[in-house]
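Position 1 is the first residue of the sequence, and the numbers go up from there. Side chains are part of it too, since the values below use all heavy atoms of this structure and drop only hydrogens, waters and symmetry mates.
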Amino acid sequence: MATTSLLPRDGTLDSGVYSCNCENCGHFFKFRSVGDQKNDISLTINGQNYTVGNEFHPATSLLEFMRSTRISTGTKGGCYEGGCGLCLVTVTLTDPITGKIRPYAVNSCCLQLYTCDGITVTTVEGLGSTKDGLHPIQDRMAKHDGAQCGYCTPGQIMNMYGLLQKNPKPTVQEVEDAFDTTLCRCTGYRAILSAMKSFAVDAPDSLKSEGGLIDIEDLEGKVCRKTGQACVGHCEQKSEAGAPCGNSVPKSLHIVNASAQWFKPLTLSELYPLLRQHAADKYRLVLGNTGFGIYGEIGPWNYSVLIDIRNVQELYVIQTRSSDHITLGANVSIASLLELFVASTDPGLVYKDAFVKHLKRTASSGIRNLCSWAGNLMLKNLHKDFASDVFTMFETVGAKLNIGSSDGVVQQYTLLDFLKLDMKGKVIVSVELPKYSTGDRHVRTLKTSHRLQLCHAHVTCGFNFVVDANNNFLVKEKPSIVVQGINGNLIHAVQTEGYLLNRQLGDPNVLKGAIDHLTVEIVPDSAPVLASPTYRKNLALGHFYKFVLELCQSKCSPRYVSGGTDLNRPVMSGTQEYGTDDPKTYPVSKAMMKVTANNLTTGEIKFIPDLRPAQGQVYAAAVLATQGNAKIQSIDPSAALKMPGVLKFIEAKDIPGENNWRPRGAYTGFSQELLSSGQVYYAGQPIGIVVAEDEITAQSATFAVKVTYSDIQQPIVDLNDAIQKKSFFELLGPYTKGDAQAAMASAPHKVSGSSQSGQQYNFHMETQAAICTPTDTGGMDVIATSQWLDASLSSVAQVLGLPDSDVHVETQRLGGAFGGKIFYTLPVGAMCAVAAQLMDRPVKLHMDLHTNMQFQGKRTGYRYDYEIGFDDNGKILAIIAKSYSDTGALFFNQDGNEYTYFMLDGAYFCPNWLYTTQPCKTNKPCSTAVRAPGTAPAIYHRECMIDHVATYLKKDHLEVRKVNLFQDGQSTLAGMVIENSLISQMVSQMETDASYATRKLAVENFNKANRWKKRGLQMMPCRYGYQWSYMRFNTSVVVNHSDGSVVIVHGGIDMGQGINTKAIQTCAYKFGIPVDKIRVKTTNSVTNANSSWTAGSVSSELVCVGVSDCCDTILKRMEPVKADKPGATWEELVTESFARWVNLTASALPALRDQYVSRYNVWAVCCCEVELDVLTGHYQILQVDLLFDGGTSLNPELDMGQLEGGFVMGLGLFLLEDLTFDPSTGRLLNDGTWEYKIPLTKDLPIVFNSKFVRNAANPLGFLRSKAVGEAPVASGTVAVMALKRAVEAARAELGHQGWFLLTAPATVEKLQLACQTQEATYTFGQ
């Protein structure tokens, strides 16, 4: 049979059934023709019209279309499941409330291409450019340093553009609420929020000075919507030559592809026949397409028939005039639902405020704009255990669904009946929500989730009660108690509902009886990715109790009233103080934005995934093991090789060189297979490579490779399990100082305990990627997402069997790294290079997020067991400690040994130490560097130790810390003698700046006045040593003779930290020329050979040292010329120097050796206040004051971004992020955005004050500066300690005193369980 498209030769056909023979192959077939039906779509992107036929798979998303056709590479792909928000664009959709077309910001990875018929799309390139002028949003984002690596920047900008299109005069609160969509790992969000709040009508004066409200004309940007070119003025929207718009009359659509069919009916009368016709097919209705990020089996690629219902107008109905209900069509988006309830003044909708609050926490703004309430319910129909927010709200008020069948009959169902209904051949048409006439009805829904924003619920509940407040809150009607997140069967707490009918809820005995009934009904199930059954049961009971406390406030003790309320989060505020600059060294020490900021905010910057494909380029994807601790029995790629577009499968025996990606020069005596030849240590280990004609096919084909395993052993995926089983590598240490055992024996007091910290994924927004191109001389050119080009080169050469000189590696920039692209970029480049050599053509390997998370190592998890000896004042006399590190399946000293003894002291002196480290073998990827590797956990564990001491002595925690602060002349465990310590004076300054004593008293009073809300206040000093020794960056400076412009090429990698900007500032200072005369070019393995990894936060200053040395060399050569031509301009000096054969190129590789491991210390003090909801574990950080010793910053604007970004990443490490593994296979279960949560905007402190210490120049730093980026991660510890103070206050209510173990991350679950709440205490407190 032919594979060509079959169309009539001439003209069109009327509706009907026809038969004919294919003129290509002669095959006889019948077909149905539907009159006036389109077989292609038209859409407009940034003013350009595009027509698309059946050349794309119907499952193709708008994002995939725009990137594959290079219409928009500024629009980034990240998770491809709606959870990261990098892909935001605006699209024109129908507003069902007004009936008008308007722009919405949506996740383009979810919006399917063929849904876009007739819509207008705007991407970041459509707003402005460096050539034609920046859009105000882009301009303010750049000026606020809101773009560090810049990978998330287009998504952030398009989110704001969508908000301003909806409301050109938003409030600050509306801006904050809208930024729940796009993740950022670099900035800590404050810079982004500040840029966006400058557009708010109520922006503070400090932000209004940036430009204030935007004119509607300026909102449209610098690119003409009609031409896609630079805007030259305002033009009227008139059709050309009177021609009608091609999309003015909607037409139904039918597109046939080799893989699937796409239908677009316009009415229910067109939809119903399709449901009948395809009843036996695997079909799916399509609207928002946002559910596949939760349940992959409903991804559109799994269906042969896709029916787009977005244009079925009957599904947009909104009827509010009925006296007893409102009707909402199934296509009404969650965003429109939210707007409807916000705007409603109908007194019958007594639940509207509760729904508004809940809907704001459902999904994200980009997803809410795209998906419908009906789609959310369909997920519940398919998966009964799905804790649907919409289902909870609608079932709480007894909503009724109108559901149409393929025969055209519409029937009404309760939601409980809907859950039992087979929806094959059916479609939700609308929902009816009741209006209530009585004023004694109380409706509330609650949701507790791992993260406040963009996060599914652990448990969500709804309550609908009619009570007589004057009769002790008599329950007059059977109440509705809806509970979701417990198990797949529980919907209503039926027994509790029945018990409460006609009882007085204000009676303490009735409350106790209700709690007792509910306790029996709540029977949680268990699964590795779920919160524990105990916690989820506590939440269900806590939600009910909160509802009762709010409803029956008059019956409550005043201390109990606040237990019924949710935590209130006002808009965020705060200050930034840059510290001391030095005009003598300008532009060094001057605050200035990143030199590429404008290019980042316009989306013009190209990352490796954005690069134009080379001629003949194909694509590779890694096949990963799905079973850990086993052996490969067989690999069968036959099914994958049969897939259209698949070219080759590569396994271990095909590797042309050595099957070892660890460079021999860096890992003497150690090796790690690139592709497993038999033994599989962990799930996620690469075992093969698929090569295909396109990226999606390559990635899809990896799942078709069948791998069988033998000798399967139970994998070890838990550190404590490894310790119990003594699964150990060689012990490290002991590291000693003084005589710890003797000092311990004589110490007046001793405590023993343990502490534990978890793993953390780097979560660089740009996942691992490489492009490898065979050269015409047998070598290999590599473009890699690498922090360490030297090792990337050696790894590729090794697996190809080539000398290093035959391989060339370059990296322009990275979309974030955080240590993840030091080591784990090596096997990615090596796999790509093997594929390129075997295929003899260019190959690109770009890992999707799930593969990246499965394959890549994470931050090392630690457990510390310790004994501490101390005196009556808490002064520490001796520490004997042993740490256990989860280093994964293999141990390599270079990256597995994190030398924790370097920083285990923290800010505190101890005269006597005995410390050992026991690396533990688990069946996980080998742990890797993550921002502040080893050091941030070590400082956390040191804080846990001193916390234990203070708790034991019942002394003020700050006073015990002050007693132990380092003083000049004292030495660390690693032997460094402390000099120029600022920590004591910084603590004193913080006590004053943060009003510590006053706030401490206020916290104590708050805790006395509130039983179920508790606050905690903690101050934490910190010392962090930065290492220069053995770091080398080969740097060159080239002066162009014709115009005096300068080029810098250095061995560091730009990954958002501002390394290039600081290098340019240094060069401008040394030469005395403007920064705009200087450029930094791509780092490569020739010009910058033998350079170290860019890591540890010191690379920027070390590159600046190299630039300074190069400039000095050139200036020295130019001295005779300058002496002969006094007063000459720079350009004149350069021209004359060239004429005299002066070498205007210089290279430097500074040899830096220090007496100690660390060249210098940075000091920091952080004060944190938190508030905790004892009943749920939900918390908020009320205020953070962060004082940091940054010396004389090379660029305080950029360093402030590093400071705050590092601190927020620390909040993620210690409060949010951890990993969950399948205990039977060892496979990582939270390998995407649905389960793995990094901080979002409302995880930030409500008040965030950041300050650099003034007049604290660093005599050991370059131009008196200090590094910043890693140290603030450790300061994130302070939030855990503050929350522990709050938990202590909650435990004290039950008489529980003393130290207790609280492991990091201190999630909402751990916090609530640590409070040890008891149902018997759920009373009115009277």
Please assess Y901 against Y915 for the test ring-ring contact (aromatic ring centres under 6.0 Å, His included), listing each intermediate value before the final yes or no. CA-CA 8 Å; Y901 74 96; Y915 173 60; 7.4 Å; no
For T928 and D895, run side chain to side chain donor-acceptor pair (under 3.5 Å): C-alpha distance rounded to whole Å, both residues' side-chain angles, the deciding distance at 0.1 Å, then the answer. CA-CA 6 Å; T928 196; D895 39 345; 5.1 Å; no
Passes side chain to side chain donor-acceptor pair (under 3.5 Å), S786 versus T825? Steps please. CA-CA 6 Å; S786 178; T825 190; 4.7 Å; no
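Counted by atom type alone, T1083 and T811 present zero donor-acceptor pairs between their side chains at under 3.5 Å. There is no side-chain donor-acceptor pair under 3.5 Å between T697 and E693. Between the side chains of Q768 and N852, no donor N or O sits under 3.5 Å from an acceptor N or O. Between the side chains of S883 and T917, at least one donor-acceptor pair of N or O atoms lies under 3.5 Å. Defined by atom type and a distance below 3.5 Å, a donor-acceptor pair is present between the side-chain atoms of H846 and T767. Defined by atom type and a distance below 3.5 Å, a donor-acceptor pair is missing between the side-chain atoms of T773 and D781.
Inter-residue side-chain proximity for K821 and E766 is flagged as met; some heavy-atom pair is nearer than 4.5 Å. Within the 4.5 Å cutoff, no side-chain heavy atoms of Q787 are placed close to those of F823. Put simply, the side chain of N897 reaches to within 4.5 Å of the side chain of F891, judged on heavy atoms.
Checking E898, Q759, Q756 one by one against Y862, the side-chain hydrogen bond (donor to acceptor under 3.5 Å, both in side chains) holds for a single residue, E898.
Considering CD1 of I650 and CG of L838, their distance stands at 5.0 Å, rounded to 0.5 Å. Going from atom CD of Q760 over to atom OG of S927 covers 13.0 Å, rounded to the nearest 0.5 Å. Once rounded to the nearest 0.5 Å, the distance linking SG of C772 with CG of L800 reads 8.0 Å. Taking OG of S1099 as the reference point, atom CE of M1031 lies at 4.5 Å (rounded to 0.5 Å).
In this structure a side-chain-to-backbone donor-acceptor pair under 3.5 Å is missing from Q1027 to G1096. Using a distance-only test at 3.5 Å, with no hydrogens or angles considered, no donor-acceptor pair links the side chain of N762 to the main chain of H764. At least one donor-acceptor pair closer than 3.5 Å links the side chain of S700 to the backbone N or O of I696. In terms of modelled atom types and a separation under 3.5 Å, the side chain of K858 and the main chain of Q856 share a donor-acceptor contact. With Q685 contributing its side chain and G628 its backbone, the two residues share no donor-acceptor pair below 3.5 Å. Side-chain atoms of D865 never come within 3.5 Å of backbone atoms of S754 as a donor-acceptor pair (strictly under, hydrogens ignored).
Residues P663 and L826 approach most closely at CD-CD1, 3.9 Å, considering heavy atoms. L1215 and P1305 make their closest contact through C-CB, 3.6 Å (heavy atoms, listed as atom of the first residue, atom of the second, distance). Scanning all heavy atoms of the two residues, the minimum distance from I1238 to F763 falls at CG2-CD1, 3.7 Å. The two atoms that bring E673 and S677 nearest to each other are OE2-OG, 2.5 Å, heavy atoms only. In plain terms, the two heavy atoms of Y1236 and Y761 that are nearest each other are OH-N, 2.8 Å.
For the pair R863 and Y884, the cation-pi test (distance below 6.0 Å, angle within 45°) is passed. Stacking of R662 on the aromatic ring of Y667 is recorded, both the 6.0 Å distance cut-off and the 45° axial limit being met.
Ring geometry for H941 versus Y864: interplanar angle under 30°, hence parallel rather than tilted (30 to 60°).
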